[in-house]
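Read the numbers this way: they start at 1 and go in the same order the structure lists the ligands and their atoms. What you see is a predicted model; the values in this text were computed from it and never measured.
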Amino acid sequence: MEYFTTTSKPSRRAVDCVIVGVYNRGKLGAGAIDIDKASKGEIRRLIKSGDVSSQAGRCAMLTGLPGVKSSRVAVVGLGKSGAFDAKQFRRAVATATQAISRTKAKQVLNSLTLEPVSGASPYYLARHSVEATGEVLYRFTKMKSGRKKAASPLNKIGLSILKKGDAARSMLGATHGDGIVAGASLARDLGNLPANVCTPAYLARTAKNLAMGNGKLSTRVLNETEMKRLGMGSLLSVTAGTREPAKLIVMQYKGAGSDKPVVLVGKGVTFDAGGISLKPGLGMDEMKFDMCGAASVIGTMAAVARMKLPINLNVVVPAVENLPSGTATKPGDIVKSMSGQTIEVLNTDAEGRLILCDALTYSRRFKPAAIIDVATLTGACVIALGAHRTAVMSNDDALRSELLTAGDNAEDRAWPMPLGDDYAEQLKSNFADMANIGGPGAGAVTAACFLGKFTDGMKWAHMDIAGTAWKSGAKKGASGRPVPLLTEMLLARSGALP
Ligand code: BES
Ligand code: MN
Ligand code: ZN
């Protein structure tokens, strides 16, 4: 995708489509005022006739407007003018892009960036534009045979700015948005691939390929023998029931000399059948998404490397498949983690924490400035927060609010949940140092408390993305979340935000 900024009037620009907006009660956005004037009142006339709607989610595609150089004008509903915030802005861009993607338009000029949007600078408006467009244009057709529906030919996005002085920041927003789209699209691809393709070895190969020809990025992959030598008995207990070899993927990006790195750890269960504690059949296919934590941290690494951020970032992905078989771990089995702590596996379906704890212990060698694990960890989190927000638990108040703020700015929202000894007590075992489940109450919190037993002395946060990583139903597919949140956090840390 190519990007440009312009201060010229939308009606004066010879592109394939301009995007303008109208608010409720016949209030025109800045671009619509210009198009209306140039066309001698066409927009107002079409609002009166009911052919143009101001409702959010609606878009009218007008062609051949007199006095307008663009061959198409997409008029999108912006809803109430007082309520036009970053979220509504993204929705409007998405709605227009949806309509445009059904045409042959190659270059569009988005004039919605001229609107006053509460709390959003030209930088963020450019970024939101590019991200919303990328989200809509994303297609997953790799696994379809035969003639595939042609992808939209859209390849150039223009962003209207009020003054020349906004050009640099707007372009920076577009560039960062482009990196986030690339990272989130990679995460979505990995998530959407079926488990018979996206195996632990496939994730490892993807991570290796990303490092190819990038001097700042390197990838190492540890096999089961190496993990055994390190004492990762907890991680290895999860892979005991499958023939698919487990991998520990370690990526290192050096963009800032000898600074301590941020370490991202992503749950990479390429399929979670539950093991001997087998899951029910209905909807089990969705457990191919149980590696979306891994996908999101690899996607974030791809975004960071593409933007060449001046920061040090490590990614650690424990990748396994969780299946039942004659060699699988059984409920009641006791395993020894790399930390030395023993774990009674009361439920083999609580496997995410069993692989993450060893990945967290392994990550100590990097002396992280902060360590953040990302995981589709608990069904309980879906019950608590639904699909809207990612849960964040942390042993460090500053790190927690850093992540929540990043989520707000990136429109990829998160919400705090507690940790605490009271909850951690639910993990007591009669036979080992701890059990891997904490009973029926507060499942998302006790899962986080379990991980907390392996992060002593590190600034650590846990993100449960069980509700946000993918959509179910007719629009089933990976969301790419929380790549925008994580990338925003790293942009802020590296001082790259204007
Ligand atoms: N991958 C699942 C969590 C999950 C379930 C995510 C549904 C999204 C939708 C995880 O491995 C799991 O099975 N967790 C169990 C834990 C329980 C046994 C304590 C769960 O949430 O039921
Ligand atoms: Mn499970
Ligand atoms: Zn799982």
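- With respect to the salt-bridge test (charged N to carboxylate O, under 4.0 angstrom), the residues Asp285 and Lys476 qualify.
- In this structure, Lys279 counts as a contact residue of ligand 1, since one of its heavy atoms falls inside 4.0 Å of the ligand.
- Listed by number with element, the atoms of ligand 1 under 4.0 angstrom from any heavy atom of Thr376 are 1 (N), 2 (C), 3 (C), 6 (C).
- At a heavy-atom distance under 4.0 Å, only backbone atoms of Leu377 (N, CA, C or O) approach ligand 1.
- Atom OD2 is the N/O/S atom of Asp272 found closest to the Zn ion (ligand 3).
- Remark: Arg127 fails to qualify as a cation-pi partner of Tyr123 under the 6.0 Å distance and 45° angle criteria applied to the six-membered ring.
- Inclusion of Glu351 in the first shell of the Zn ion (ligand 3) is supported: an N, O or S atom falls under 2.8 Å.
- A salt bridge links Asp290 with Lys267; the closest basic N to acidic carboxylate O contact falls under 4.0 Å.
- Those atoms of ligand 1 with a heavy atom of Glu351 less than 4.0 angstrom away are 11 (O).
- Interface of Lys267 with ligand 1, defined as ligand atoms under 4.0 Å from a residue heavy atom, comprises 1 (N), 10 (C), 11 (O).
- Side chains of Trp460 and Asp373: a donor on one and an acceptor on the other come within 3.5 Å.
- No side-chain heavy atom of Leu248 sits under 4.5 Å from any side-chain heavy atom of Asp358.
- Between Asp272 and ligand 1, at least one pair of N/O atoms sits closer than 3.5 Å.
- Checking Asp290 against the Mn ion (ligand 2), every N/O/S atom stays at or beyond the 2.8 Å cut-off.
- The Mn ion (ligand 2) forms the vertex of an angle spanning OD1 of Asp349 and OE1 of Glu351; to the nearest 10 degrees it equals 120°.
- Of all protein heavy atoms, the one lying nearest to atom 12 (C) of ligand 1 is Asp349 O, 3.1 Å.
- The closest side-chain donor-acceptor pair between Ser472 and Glu286 falls under 3.5 angstrom.
- Nearest N/O/S atom of Asp290 relative to the Zn ion (ligand 3): this is OD2.
- Using a distance-only test at 3.5 Å, with no hydrogens or angles considered, no donor-acceptor pair links the side chain of Tyr3 to the main chain of Gly173.
- Within the 4.0 Å heavy-atom criterion, neither part of Met284 lies near ligand 1.
- Heavy atoms of Trp470 come nearer than 4.0 angstrom to ligand 1 in at least one pair.
- Ligand 1 has an N or O atom lying under 3.5 Å from an N or O atom of Asp290, backbone or side chain.
- Protein heavy atoms are found inside the 4.0 Å sphere centred on atom 14 (N) of ligand 1.
- Atom OD2 is the N/O/S atom of Asp272 found closest to the Mn ion (ligand 2).
- The Zn ion (ligand 3) has an N, O or S atom of Lys267 inside 2.8 Å of it.
- Between Ile343 and Cys357 the shortest side-chain heavy-atom distance falls below 4.5 Å.
- Close approach of ligand 1 to Ala466 (heavy-atom distance below 4.0 Å) involves ligand atoms 6 (C), 8 (C).
- Residue contacts with ligand 1: Asn347 is placed with no nitrogen or oxygen under 3.5 Å of a nitrogen or oxygen of the ligand (distance criterion only).
- Pro331 places none of its side-chain heavy atoms less than 4.5 Å from the side chain of Asn347.
- Contact annotation for Phe450 and ligand 1: no heavy atom of the residue comes within less than 4.0 Å of the ligand.
- Side-chain contact between Leu190 and Met291 is present, with at least one heavy-atom pair separated by less than 4.5 Å.
- What sits closest to atom 9 (C) of ligand 1 on the protein, heavy atoms only, is Met287 CE, 3.7 Å.
- Under a 4.0 Å N-O distance rule, the pair Glu402/Arg400 does not qualify as a salt bridge.
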task: Under the salt bridge (charged side-chain N to carboxylate O under 4.0 Å, His left out) rule, what do Glu226 and Lys228 come out as? Steps first, then yes or no, please.
output: CA-CA 5 Å; Glu226 291 164 298; Lys228 202 164 190 177; over 6 Å; no
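- A side-chain donor-acceptor contact under 3.5 Å links Thr468 and Thr390.
- Between Ala375, Ala469, Gly293, Gly379, it is Gly379 that holds the heavy atom closest to atom 21 (O) of ligand 1.
- Per-residue contacts place Ile437 under 4.0 angstrom from the following atoms of ligand 1 (heavy atoms of the residue considered): 19 (C).
- Side-chain contact of Glu244 with Thr242: a donor-acceptor pair under 3.5 Å is absent, judged by distance alone.
- Separating the CG atom in Leu137 from the CD1 atom in Ile100 is a distance of 9.0 Å, to the nearest 0.5 Å.
- For atom 16 (C) of ligand 1, the closest non-hydrogen atom on the protein side is Arg353 NH2, 3.9 Å.
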